[in-house]
Every structure is written in C-alpha cells, then in structure tokens.
Protein chains: 2
Amino acid sequence: MAAVRSAARLAVASRADNRLPLILDAAARFFAEKGFGFTSMRDIAGMAGMLPGSLYYHFASKEELLVAVYAEGVRRIKAAVAPALAKAGDPWARLENVCAAHLEGLLEDSDYGQVVIRVRPDDAPEVAARLVALRDEYERTFAQAIQALPLPSRTDRRALKLMLLGALNWSQTWYRSGKDSPQTLARRFVRLLRDPLDA
Amino acid sequence: MAAVRSAARLAVASRADNRLPLILDAAARFFAEKGFGFTSMRDIAGMAGMLPGSLYYHFASKEELLVAVYAEGVRRIKAAVAPALAKAGDPWARLENVCAAHLEGLLEDSDYGQVVIRVRPDDAPEVAARLVALRDEYERTFAQAIQALPLPSRTDRRALKLMLLGALNWSQTWYRSGKDSPQTLARRFVRLLRDPLDA
DNA sequence: TTCCAAAACAAACAGTTGTTTGGTATGATG
DNA sequence: CATCATACCAAACAACTGTTTGTTTTGGAA
C-alpha cells in the first residue's frame, strides 16, 4: 500500500508525506468535535486543503484513518502521563499528577487525545479490535499508578481503576473549559479517595 | 402537529397511536446499539414494520424522535431509582441501591436507559438543549442520594457526584453482561468510597 | 534534460440519507 | 349510511456518503 512510506529509505524526507500530518490534524479535529459518524471525508479533505479522493492515497479507508488518529492520540496521552508516572515520591501525589495529565490530554490539550475517549471502537467495526487494543495499552500504563498506592489489602484495585478512569473519561461530557482546571479536578477526585484513609 | 394526540379527548384510546410505542421501541433499540448517527429512519421503520415516510406522521424529525426516546429513558431510570431512594435506613446502603438501579437501567434493563447515556446531546444539535435538560433532571434525583451521606464537612459533594456518576456511566464502555452484575459493581464502587471512612 | 515515482487532481460511481408529497385504507362518529 | 380525521402507503426528492478510476502535476535522481 502506498501509505507505507518510503521514508524508511533514509533521511531525505523530500516533500513526501508533507500533507499527511495536515490530514491527521484535520481528521483529529473533526473526530474530536463531531465524532466519527458525523464526520465526512469531505470535511477532512476540505480542512486539509485537498480533494476527498486524495485522502485515499494515504489511507485505505475512513476507518484506517481513524486508526491512525487513535494511535497518535494514545501516543500523546501516554507521553503526557509518562513524566508524572516516572517521578518518585508519594504515590498519591503521583496518581494525582497522572490524573491531571490524563485530563489535560482529553479535555484541553489536543484533539487526538479527545478522539481516543470520544470515539467508540464499535463505530468502526472493521478496525474495532485494533482500537480496543490501543485503549488497553494505555490503561495498563494508568493501572501502574494505582498499583503503587498504599492501600488496605482488602481494597479492590481493579474496581478502583475502573471507577477513577471512568470518572475522568466521563468528564468530557460535562467539562467546560475556563472553569475548574484539569489539575483542580484531579486533586478533587483523588482526595475523595485518599482523605478518608488518612483519618 | 399531528403528533399531539387527540387522546386528551378522553378515554376511548381507539386504535389511534397503536404503533407509536412500536416506533419508540425500535428507535430505542437502534439508538442504544448503534448510536444516533449510525441509525437511519429506514432502520427504525423497518423494525416497526412500516415505511420510512410514515414515521413523519408521528415525529417531525429524527431529532424529535430522539427526544421522545430520551424522555422515556429518563422516565424509566428515574422510576427504577425512585424506590431505592425512598427507602429509609442507612444512607450508604441507599446510595448503593440507587447505583445498582442506575446501572441496571443503563446496562441491562431497557434500551431507553442506554440511549440516555450513550447518545450525546450534541449529536442532535437542534434539540441538544432539551436533551441536556432531561439529563440534568435525573442528575438532581441522583444528587439526593449523595446529599444524605454522613460525610466529613470538608467533603466536596459535588465532586463526589460527578465522580460516582461518571464511573457508573462510563461502565457502559467496558461492561460485559454475564460477568459482574450491576449490584456487585455498585457495591464495589460504593465500598471504595465508604470503607476508608469506617476505619 | 530526461525520467520516474510520489502525490495530488478531476470526475464520477452506486448507494444511502432525512424528508416531502399526494394518495388511500380504516375505524369511530354524526 | 355518510363523513372525516387518523394513520399509513407509495414514490420520489435533492443532498450527501465512502470510494474508485484515470489523469496530471511535481520534485528529486540519473
């Protein structure tokens, strides 16, 4: 397939693939704002300044384009969370920072991150499995922050992960930029879990 | 508009509106399973055993049909939660039952409940405001169960509501029927918030 | 300067979308 | 029995969908 770039053939980087990032950006923006189903290839092509058919030089289908955006989204969220996760110190503080980074990724920062949370894998049946795999990949990253917490042995950490991650992801529904910052929200949520333990 | 039923004119109930529930059921099923955007009026009409154009006798548009399903969904979830909310006793136990009822509504019970959680108001721009109002209406019901909790005065109850409701609603993403029941999940989630307080 | 593959255009394809319009069976009402 | 609104059918509408095909431009390599 042509989408496999010849860039492997070293350096030069010519003009080749020049507009591919443009396509991805446009797709990410539309997928994030209107969802997968309500976005047309013409929307994307228009914003990228090209014709609809031209997209098929880079991607075999609309769903494959979604996969590319999705993958980039996961990459970015992971990259945003990684530093917070790496830093040593209080595991609770680390979790709070991880949550804050996670929230920034899906609320403010980039369209790519929003796509990962907003678009349901079943919306693209042909590639659904790959999308789920990408999500899971990230969730394992997030789970590390939970594992590190000093909790009573009876605590159900899996449930904790599902609860916290669900709370964070769902915030996309009610969050309005300009009010509480992602940092503030992360602090509030983590405190609800932590404070009672300190007493 | 014809959709305003003449039923107000007392009792008889003739054959009029006979297939309207059928339409709503079909729409609810499709909206719940494929989402609003991926459902066509032909899908719905087909399942209801009629022609696409006929739907417009009952509803002025696809979006208006969504409003009707949405409203019914909120009605049902509220009805499912109401008994749990009314019962006297331990506020924590009550919250757990409320959560269980909520989960059943959007995971197992009815397509209507699933629609309320699954379909984003912005998917139907023309009626988005009305859909949001319907959601809010229910959330106020849910908030009552939170208000009744015996919590340290410093606790942010609004954040608690957002966290718990988000965790519950997001479960639609990962829940697979047959494994943990809604009741079990509700217990696990509520315990994560309560148990630390008891110590 | 010639050549070639990359990258895009231009135009169409067949199918689907929400919706409209005009006609028609039906069952209750006078 | 005649009437009439209700509830539906039948058929089409224009617009839009993802995608394909053949052709053209382009920039770097030989």
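Rounded to whole Å, the distance from CZ on Phe36(A) to C1' on dT17(D) is 12 Å. The separation between Lys62(A) atom NZ and dT17(D) atom P is 8 Å, rounded to whole Å. In this structure, CZ of Arg42(A) is placed 12 Å from C1' of dT20(D), rounded to the nearest angstrom. A straight line from CE of Met41(B) to P of dA14(D) spans 20 Å, rounded to a whole angstrom. Note: CZ (Phe38(B)) to C1' (dG15(C)) measures 17 Å, nearest angstrom. One atom, CZ of Phe59(B), and another, P of dA7(D), lie 12 Å apart when rounded to the nearest Å. One atom, CG of Leu22(A), and another, C1' of dA8(C), lie 14 Å apart when rounded to the nearest Å. Put simply, OH on Tyr56(A) is 3 Å from P on dT19(D), counting in whole angstrom units.
The shortest distance between the side-chain N/O atoms of Arg19(A) and the OP1/OP2 oxygens of dA8(C) is below 4.0 Å. In terms of phosphate contacts, His58(B) brings a side-chain nitrogen or oxygen within less than 4.0 Å of OP1 or OP2 of dC8(D). Contact annotation: Tyr57(B) side-chain N/O to dA7(D) OP1/OP2 distance is under 4.0 Å.
When atom types are taken as modelled, the side chain of Arg19(B) and the backbone of Gly49(B) share a donor-acceptor pair closer than 3.5 angstrom.
For Arg120(A), the side-chain hydrogen bond (donor to acceptor under 3.5 Å, both in side chains) test picks out Gln172(B), with sequence neighbours left out. With sequence neighbours excluded, the residues forming a side-chain hydrogen bond (donor to acceptor under 3.5 Å, both in side chains) with Ser181(A) are Thr184(A), listed by chain and number. When the side-chain hydrogen bond (donor to acceptor under 3.5 Å, both in side chains) test is applied to Lys34(B), the partners found at least two apart in sequence or on another chain are Asp43(B). Residues passing the side-chain hydrogen bond (donor to acceptor under 3.5 Å, both in side chains) test with Glu104(B) are Gln183(B), sequence neighbours excluded.
Within residues 43-55 of chain A, the residues that place at least one heavy atom under 4.0 Å from DNA chain D are, in residue-number order, Gly53(A).
Applying the salt bridge (charged side-chain N to carboxylate O under 4.0 Å, His left out) definition to pairs two or more places apart or across chains, those involving residues 176-188 of chain B are Asp156(A)-Arg188(B), Glu96(B)-Arg187(B), Asp180(B)-Arg188(B).
Between His102(B) and Leu165(B), some side-chain heavy-atom pair lies under the 4.5 Å cut-off.
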